[in-house]
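Encoded as structure tokens, the structure appears first; notes follow it.
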Amino acid sequence: MELAVVGAGYVGLVTALVFAQLGNKVRVVEIRAKRVSDLKAGKIHFYEPGLGEILLRHLDKNLFFTNDYSEAVSKAEVIFICVGTPTRQGRADLSFVYAAGRSIALSLKERAIVVVKSTVPPGTNRSLAKKMKKLAKNSFEVASVPEFLREGRALWDALHPMRVVIGAESKTASKKLLALHRPLPGKRVICSPESAQLIKYASNAFLPMKISFANSIAALCDRLGADVEDVLKGVGLDKRIGVDFLGAGIGYGGSCFPKDVAALIHLSQRHGHNFRLLKATAKTNEAQIDYFIKKIIESCQGDVKEKIITVLGLSFKPETSDMREARSIPIINELSRLGARVRVTDPVAISEAKGLISTVEFFKDPYEALTGAEAMVLVTEWKDYQMLDFKRVKMLMKEPVVLDGRNIYNRKQLEKLGFVYKGVGK
Ligand code: UGA
């Protein structure tokens, strides 16, 4: 099939690569000229395992990049809109979606299907179609196929979806979209565009809710002397609950959960519904930073002033350089505000982090960053940090104190080596 993708960001690029990999002809339109020239040269502007190889495999064969909308769109049977929907005071900002819609309207082929992949509130398709109809010469339909991929595992998730949700008004559109997704596994959910959009928001609300629940149980574990990992394993093994996303720690960050939770709270409010559960989810997540900072202060004998504290991991999670809403930022800012001498390290996110945090010393090598440190704070659970040589770390640190924000280390082993260890709820 001939396809177009609007926006070469995270979702757009992965969508384009996956459909190219499945044998379609894909043209990607992106307004940032530098991004287009980089992609044409086989370079990707963010870190994501596996994408580079697929890009090189399909580039200029069945995958093309341009900044010309009509070049990308005029032959496409299906056009995916994959532009950002940032939050503005809690509300999803749809200006990029509408701008993309207007730009493609003029070049649409007769009976083209415009698929919104961006996360948008229910009802957006109708207002988008209305704006586009004023400009379009040909008939078209707007559908929704939300994306459920995780950064760091984007390619795997996109090629092995647990479900494909197709929100379309007409049978013709849903049939065509079903055919396009046929090579992919996973259950199909065929529904209205409004339901599809709410499925996306509800999913990105439910998972944070599980995380905040896990963190609330962890706080109880800290007080009662229970181990949160045992507790949540015991809870999650009930299939109705499930162990995934029941991991206690310093809470969720990233470009999706915080934004989508805020947007769903806002959307509910606008429609007269007070979504108390979700508000509590967001509040619990915010409070988790203070809770963890308190643990750091306690472990540093009540004061972090002038102490060298090494933070391991900056990106919002491993296998990505993405710093959006990364939990490292508020933790580092608060430690700096309290007068600590903060050192940081990360396998890939240092250059992205440099524009966001300034009061710290950056290190490439974790062992160098830990030399002379009075506390180590694990923020992002990169494999490199899971496999640290703690005998060496013990010799390098001034005080052997480990604060484990992701509960990845074995308390007994570290205590045996002479470390003071604090996790979250264990
Ligand atoms: C999330 C969803 O998992 C995807 O399904 C969705 O498609 C995507 O948002 C999106 O809307 O685009 P992502 O933001 O890449 O994916 O990252 P996750 O792996 O979900 O992690 C989000 C945050 O939750 C991270 O900060 C992670 O450390 C935290 N987390 C995750 C926990 O604190 N505990 C857990 O048990 C799991």
Side-chain angles (χ1 to χ4, degrees), residues 7 9-15 18 46-49 82-87 92 117-120 145-158 160-165 186 196-197 199-218 228-229 232-233 235-236 241-264 281-282 284-286 288-289 291-292 313-331 349 378-382 385 404-408 423-425:
Y10 219 95
V11 172
L13 195 56
V14 176
T15 302
V18 164
F46 53 85
Y47 174 81
E48 174 69 40
C82 305
V83 295
T85 50
T87 345
K117 258 209 178 287
S118 309
T119 303
V120 296
V145 179
E147 185 54 67
F148 298 102
L149 58 84
R150 285 163 294 180
E151 289 188 23
R153 308 188 39 154
L155 208 52
W156 171 266
D157 283 353
H160 306 87
M162 287 184 254
R163 77 291 209 194
V164 175
V165 175
Q197 288 151 352
I199 288 171
K200 171 70 189 184
Y201 273 116
S203 304
N204 274 7
F206 194 83
L207 295 171
M209 195 180 76
K210 281 186 91 174
I211 297 169
S212 282
F213 182 83
N215 285 329
S216 303
I217 294 291
V228 75
E229 297 204 321
L232 292 175
K233 187 175 164 202
V235 172
I241 299 171
V243 286
D244 291 340
F245 282 73
L246 261 190
I250 46 177
Y252 59 83
S255 63
C256 304
F257 285 173
K259 163 180 84 75
D260 293 345
V261 165
L264 191 54
T281 297
T284 305
N285 197 51
E286 272 166 41
Q288 202 60 12
I289 297 290
Y291 190 64
F292 191 58
L314 294 168
S315 56
F316 86 92
K317 69 173 194 180
E319 301 300 330
T320 176
S321 57
D322 199 336
M323 285 294 296
R324 283 176 287 179
E325 299 284 335
R327 306 301 271 169
S328 60
I329 301 172
I331 291 173
L378 185 282
V379 165
T380 316
E381 67 277 30
W382 284 94
Y385 307 149
D404 182 359
R406 299 291 181 183
N407 285 351
I408 59 168
V424 181

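Order of appearance sets the numbers: ligands from 1, and atoms from 1 within every ligand. Just so you know, these numbers come straight off a predicted model, no measurement behind them. Each residue takes its place number in the sequence, starting with 1.
Within 4.0 Å of ligand 1, the residues that place a heavy atom are Glu147, Phe148, Leu149, Arg150, Glu151, Lys200, Asn204, Ile211, Phe245, Leu246, Gly247, Gly251, Tyr252, Gly253, Cys256, Phe257, Phe316, Lys317, Arg406, listed by chain and number.
Taking all atoms of both residues into account, the shortest heavy-atom contact from Tyr252 to Val261 is OH-CG2, 4.1 Å.
Put simply, the side chain of Asp322 reaches to within 4.5 Å of the side chain of Ser255, judged on heavy atoms. Under the 4.5 Å side-chain criterion, counting only non-hydrogen atoms from C-beta, Val14 is not in contact with Asp157. Between Tyr385 and Thr380 the shortest side-chain heavy-atom distance does not fall below 4.5 Å.
Residues forming a side-chain contact (heavy atoms from CB on, under 4.5 Å) with Cys256 (at least two apart in sequence, or on another chain): Asn204, Asp260.
Using a 30° and 60° split on the angle between ring planes, Phe245 and Phe257 fall in the perpendicular class, above 60°.
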